[in-house]
Amino acid sequence: MMTKDDILQGLNEPQKQAVTAAAVPLLVVAGPGTGKTLTIVRRIAWLVHQGVNPANILAVTFTNRAAREMSERTGALLGDQTRDVFIGTFHLLGLRILRETLGSDLTLLGREEQTDLLKPLVGDSSRKARTAAERISRIKNGAEKADKETRGLMERYQTALRDRKAFDFDDLILTPVELLADPAVLSRYRNRFRYLIIDEYQDINPLQYRLIKLIAEDGGGLCAVGDPDQAIYAFRGSDLRNFLDFEQDFPKARRITLSENYRSSGAIVQASGSMIRNNRARLDKNVNAVRDQGARLTVLSLPDEQDEAAAIAGEIEGRMGGTSHYRIYTGAGTGSQDGSYGFSDFAVIYRTNAQAKVIEEAFNAAGIPCQVLGRGGTRQNKERDEMIAYLRSVIGEDGPGTLVDGNADKLLTLADQYDPRADAVALMTMHMAKGLEFRVVFIAGAEDGLVPYTLMKEVCDIEEERRLFYVGMTRAKDELFLLHSRIRFLYGRKLTPEPSLFLGEIPSELKDNKLVPDRKKKQSENAQMGLF
DNA sequence: GGTGCGCGAGTTTTT
DNA sequence: CTCGCGCACC
């Protein structure tokens with residue numbers, strides 16, 4: 001049987017405190033690379049070891065990926081008892097409450113079906129329907145208020161849903177919140193879920209907050225985990241203040257900060273830390289590198305985005321040089337510390353998907369395998385399919401009623417998801433990079449206009465953009481390159497951007513500035529690139 | 001119902 | 001610049 005020492009083994013002091021803390025409202029501030037998931041998993045094990053009924057524990061995440069990881073790692077510790085712990089996404093929790101309260105005869109609508117349903121209500125325009133679907137979603141999540149017109153539309157939409165016993169994604173949370181207004185229902189769930197662990201608490205939206213608040217009551221069993229410096233989803237309603245105000249919200253709260261970073265070199269930890277300290281809306285926290293100082297960051301100035309892509313390709317080639325045959329025989333090398341690289345040790349991250357194309361082309365030309373994330377055939381289908389596949393795997397296909405309308409194709413391909421085993425360089429947005437880590441990271445387009453993003457919209461939340469840049473920087477384990485072009489073609493426009501102001505916030509002793517001069521003649525390009 | 005042209009918009013996105 | 005929608009025409 002698992003002992004107390006087993007559960008605490010290998011933990012640092014604040015991690016131990018977070019694992020063993022008594023059931024008071026607990027705020028765990030977990031900076032990048034500080035062992036957040038490890039801590040959560042051990043806390044679950046700790047609670048069970050203390051005699052808590054596993055069925056009284058609720059661990060909520062945002063993504064299926066996170067839920068799966070948490071579930072697997074908990075399973076490795078607790079074995080069979082894991083079954084009774086609720087580990088899942090907000091939406092899965094909502095679905096469970098829905099089914100237990102209303103019965104299981106319900107239909108779940110994906111974004112596409114939702115748009116189809118809305119289409120006749122907005123004058124048969126699929127464009128309008130999609131816009132409406134997005135607005136309705138934001139309204140349901142409490143991210144935006146409905147105007148009169150939208151309210152009318154929503155009423156008709158909800159009627160259409162009710163006629164079909166159908167629920168959209170947001171209803172999976174909104175309806176449970178409504179159901180919990182019934183004291184009998186509420187007490188049932190309060191009694192069941194006495195210990196709540198909420199992952200990525202900095203990213204919860206007002207609706208999710210309401211759900212948690214209802215179940216958690218005075219927060220006695222609530223453990224909120226996250227990093228306010230990594231809140232990057234305000235555009236879809238996430239509200240950082242839920243995290244920042246936790247201690248006012250739950251006056252008996254205790255805060256524990258995990259500050260030992262095991263992921264990145266000292267230079268990367270310090271550089272990202274100096275940069276993010278320019279934000280005001282944050283909790284004062286230090287992140288200390290456990291690892292050596294390592295190499296300085298490289299800030300690379302390039303003539304244009306083609307050169308930027310070529311420079312990245314060149315750096316990768318330089319690190320892969322001559323080892324490719326060897327690699328074939330040793331298998332994928334993610335995380336290998338022996339100095340030899342696999343392609344999957346590299347990632348290129350950027351602010352907008354539009355930047356991917358040039359880079360992909362340069363990689364293709366150089367023979368560098370890459371996977372571009374976030375590009376899906378039909379994204380809506382993919383989303384729904386993934387959701388359905390996941391719900392099936394958790395709930396099972398049986399039971400009365402249909403979980404979803406339509407047929408289940410397995411075209412359930414995750415082809416566009418990040419596959420860490422693929423021996424390919426990963427290309428993705430800063431948003432998608434959250435939670436991942438790579439030995440070598442290239443941030444492309446570190447320019448004013450892109451980060452902070454102001455190209456299409458004047459208004460910009462500079463602190464949110466800084467957090468996004470922070471997420472990007474902190475993905476790197478060993479080496480970090482920050483690239484900016486002096487000329488960039490985007491949306492048919494020729495831009496002449498300044499370097500991102502965030503670059504200037506990195507102390508000069510932590511970075512090397514390199515500049516590739518404008519080429520006068522084309523043939524000099526190779527010589528210039530050879531410098532790197 | 002299928003093809004083609006013109007116009008307009010164009011961050012970030014899980015479930 | 002590129003894509004996709006909506007409309008017009010076959």
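Naming: A, B, ... by sequence-line order, numbering from 1 per chain.
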### Residue from F438(A), F442(A), F346(A) passing ring pair (Phe, Tyr, Trp, His ring centres under 6.0 Å) with F481(A)
F442(A)
### Task
Round to the nearest Å and state the distance from N205(A) atom CG to dT14(B) atom P.
15 Å
### Query
For Q306(A) and dC1(C), what is the distance between atoms CD and P respectively, to the nearest whole Å?
14 Å
### Candidate pair F62(A) and F90(A), rule ring pair (Phe, Tyr, Trp, His ring centres under 6.0 Å), full reasoning
CA-CA 6 Å; F62(A) 275 85; F90(A) 274 101; 5.3 Å; yes
### Query
Rounded to whole angstroms, how far apart are CG on L373(A) and P on dT13(B)?
10 Å
### Query
Between K457(A) (NZ) and dT11(B) (P), how many Å, whole number?
11 Å
### Query
Relative to each other, are the rings of Y189(A) and F193(A) parallel, tilted or perpendicular (30° and 60° limits)?
parallel
### Query
Would you say dT15(B) has OP1 or OP2 under 4.0 Å from some side-chain N or O of N64(A)?
yes
### Query
Does T429(A) make a side-chain N or O approach to OP1 or OP2 of dT13(B) shorter than 4.0 Å?
yes
### Query
Closest to the R351(A) side chain: dG6(C), dT14(B), dT12(B)?
dT12(B)
### Message
Between K285(A) and D229(A), does any side-chain N to carboxylate O distance fall below 4.0 Å?
### Response
yes
### Task
Name the nucleic acid region contacted by K357(A), choosing base, sugar-phosphate or nothing; use a 4.0 angstrom heavy-atom cut-off, strictly under.
sugar-phosphate
### Message
Nearest whole Å is fine: how far is dT12(B) C1' from Q230(A) CD?
### Response
16 Å
### Task
Run the numbers on R43(A) and V225(A) for side-chain contact (heavy atoms from CB on, under 4.5 Å), then give the verdict.
CA-CA 12 Å; R43(A) 181 165 175 84; V225(A) 188; over 6 Å; no
### Query
How many Å lie between CG on L211(A) and P on dT15(B), as a whole number?
17 Å
### Message
Under 4.0 Å from OP1 or OP2 of dT13(B): is there any side-chain N or O of N353(A) that close?
### Response
yes
Output a table of donor-acceptor pairs, distance under 3.5 Å, between side-chain atoms of residues 116-126 of chain A and any protein atom two or more places apart or on a different chain; print 'none' if there are none.
{"from": "S125(A)", "atom 1": "OG", "to": "R127(A)", "atom 2": "N", "distance (Å)": "3.4"}
{"from": "S125(A)", "atom 1": "OG", "to": "K128(A)", "atom 2": "N", "distance (Å)": "3.0"}

### Query
Hey, is R135(A) close enough to E144(A) for a salt bridge, meaning N to O under 4.0 Å?
yes
### Residue-phosphate contact under 4.0 Å: S125(A) side-chain N/O, dG6(C) OP1/OP2
yes
### Message
Please encode protein proximity along nucleotides 5-10 of chain B as a string of B, S and -, counting only heavy-atom distances under 4.0 Å.
### Response
----SB
### Message
Just the rounded figure in Å: distance from P of dT12(B) to CG of D203(A).
### Response
17 Å
### Centroid under 5.5 Å and tilt under 30°, F235(A) to dT12(B)
yes
### Query
CG of L92(A) versus P of dT14(B): gap in Å, rounded?
18 Å
### Query
Reckon R130(A) has a side-chain N or O less than 4.0 Å from the OP1 or OP2 of dC5(C)?
yes
